[in-house]
There are 2 protein chains.
Amino acid sequence: MLDAAAIFFAERGYHATAMRDIARVANVTPGAVYFHVATKHALLVAVYQEGVDRIIRHFDEAIAEEYDPVKRFRCAIQAHLESILDESAYARVIVRVLPEDVPEATEELKRQRERYEERFRALIDGLHLPQGRNPKLMRLLLIGALNWTPVWYRGSIGGLDPVVDEMVASFGIQPTRRTSKK
Amino acid sequence: MLDAAAIFFAERGYHATAMRDIARVANVTPGAVYFHVATKHALLVAVYQEGVDRIIRHFDEAIAEEYDPVKRFRCAIQAHLESILDESAYARVIVRVLPEDVPEATEELKRQRERYEERFRALIDGLHLPQGRNPKLMRLLLIGALNWTPVWYRGSIGGLDPVVDEMVASFGIQPTRRTSKK
DNA sequence: AAGAATGCTAAACGATCGTTTAGTTAGATA
DNA sequence: TATCTAACTAAACGATCGTTTAGCATTCTT
């Protein structure tokens with residue numbers, strides 16, 4: 001039932017999804033849904049939480065075996081893209097449904113989001129940026145570029161690798177080759 | 001009346017906006033709205049079109065007097081951010097409401113969007129990227145980073161300039177000379 | 001075996017949605 | 001002045017929304 005909710009929230013967004021839609025796909029009656037959750041936005045929070053849990057798990061596993069900050073950076077980007085483009089709908093809900101979309105749950109959704117984005121903060125603090133770069137802004141721009149991918153990515157360009165490459169080429173530190181310190 | 005619609009669509013999104021909301025803010029009756037537009041999604045299309053017109057106008061004016069590709073790049077980024085963060089609600093609708101949100105208008109909305117993003121294609125073709133960079137992917141990532149800013153930008157960090165700087169530092173070509181900014 | 005708790009169905013609640021309809025007003029036109 | 005038209009109001013339409021209620025079946029507890 002959470003699965004059905006995740007799919008609809010991820011695909012159509014919060015307001016375009018009816019409780020009846022979710023119930024129908026889950027093969028139950030609308031009333032049955034309300035036996036498990038109190039309100040629609042509580043259902044969203046449950047899905048959101050599961051989504052953050054999953055994307056965090058995937059993120060942590062991806063960088064667990066890497067100790068070079070630059071490689072960790074790359075792995076994290078790849079893991080994030082896998083989560084929101086390939087994997088289950090849960091992670092995509094986090095990107096699709098903005099906290100402000102649901103006033104009754106805004107604060108809770110922000111808190112959940114923060115739980116994950118905190119990881120990016122630590123990751124970026126790990127790499128030492130060229131001077132003049134602002135780590136906070138860079139993080140926000142990176143997350144933006146990442147989270148916008150569901151808008152255009154259709155899976156047919158040759159997999160995720162080219163996207164990861166371009167992402168690293170833009171935001172990552174220039175590979176040691178060819179860049180002399182100015 | 002278009003103004004009221006733009007504000008609501010930009011602020012709450014399409015599905016969370018009721019025709020009655022728009023009518024009330026425009027100081028008319030719901031019926032009056034339907035004297036001017038046939039359906040809700042036709043109203044959105046009208047707002048979208050006006051939004052694209054405005055952001056294109058602002059974009060073109062910003063780069064009109066610049067001939068150096070790198071400076072044009074910077075001006076364009078700044079103009080885009082001004083449009084969706086500072087200026088009227090029309091441009092923000094383009095970023096907030098995705099074509100897929102409104103199945104009845106998806107194709108038309110995509111067409112309008114394309115009308116603007118085409119400008120970015122030309123702009124990026126203007127700069128010659130380091131080899132290994134993919135202009136199409138870079139454009140998509142840049143637009144993502146740009147269009148995600150309304151999610152986090154709250155206007156108090158010190159204006160748009162630091163954001164523009166960071167955006168250029170990530171996506172722009174590295175300036176050949178020593179960084180002599182300010 | 002008896003009762004309580006669990007997970008559900010069938011049906012409905014009032015509210016709100018996008019939209020329509022019939023009638024009214026104000027200004028331009030003849 | 002009489003007529004026409006553009007722009008609106010007041011009121012309602014059916015549909016759908018989130019949610020509630022009453023009751024039925026199954027399982028667990030004692």
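Throughout, protein chains are lettered first and strands after them, A, B, ... in sequence-line order, and every chain is numbered starting at 1.
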Task: Gap between atoms CG and P, on Asp21(B) and dT19(C) respectively (whole Å) - done: 14 Å
Open item on the list: By the 4.0 Å heavy-atom rule, please label Ala18(B) as base, sugar-phosphate, or nothing.
Closed with: sugar-phosphate
Task: Integer-rounded Å distance: dG18(C) C1' and Leu44(B) CG - done: 14 Å
Task: Between P of dC17(C) and CG of Leu43(B), the distance in whole Å - done: 15 Å
Task: Name of the residue among Asp53(B), Ile55(B), Ile84(B), Asp3(B) meeting side-chain contact (heavy atoms from CB on, under 4.5 Å) with Tyr90(B) - done: Asp3(B)
- [ ] Report the distance from atom NE2 of His36(A) to atom C1' of dC8(C), rounded to the nearest whole Å.
- [x] 9 Å
TODO: Quickly work out the His41(A) NE2 to dC17(D) C1' distance and round it to whole Å.
DONE: 16 Å
Task: Under 3.5 Å: donor-acceptor pair, side chain of Arg72(A), backbone of Glu66(A) - done: yes
Open item on the list: If you only use heavy atoms from C-beta on, which nucleotide in dG18(C), dT20(D), dT9(C) is closest to the side chain of Arg20(B)?
Closed with: dG18(C)
Task: From CD (Glu166(A)) to CZ (Phe171(B)), nearest 0.5 Å - done: 8.5 Å
Task: Side chain of Tyr34(A) - closest among dT9(D), dT19(D), dT19(C) - done: dT19(D)
Task: Ala32(B) side chain, from C-beta outward: closest of dT19(D), dC8(C), dC8(D) - done: dC8(D)
Task: Distance, rounded to the nearest Å, where Ile22(A) contributes CD1 and dT19(D) contributes C1' - done: 14 Å
TODO: Give a yes or no on whether the backbone of Asp101(A) and the side-chain of His15(A) come within a donor-acceptor separation of less than 3.5 Å.
DONE: yes
Task: Closest listed nucleotide, where the reference is the side chain of Phe35(B) and the choices are dC8(D), dC8(C), dT19(D) - done: dC8(D)
Task: Interatomic distance, Met19(A) CE vs dG14(C) C1' [rounded to whole Å] - done: 17 Å
Open item on the list: So, OP1 or OP2 of dC17(D): does either fall under 4.0 Å of a side-chain N or O from His15(B)?
Closed with: no
Task: Between dT9(C) (C1') and Arg24(A) (CZ): distance, integer Å - done: 17 Å
TODO: Is it possible for you to check whether Lys40(B) lies under 6.0 Å from the centre of the six-membered ring of Tyr34(B), through NZ or CZ, and within 45° of that ring's axis?
DONE: no
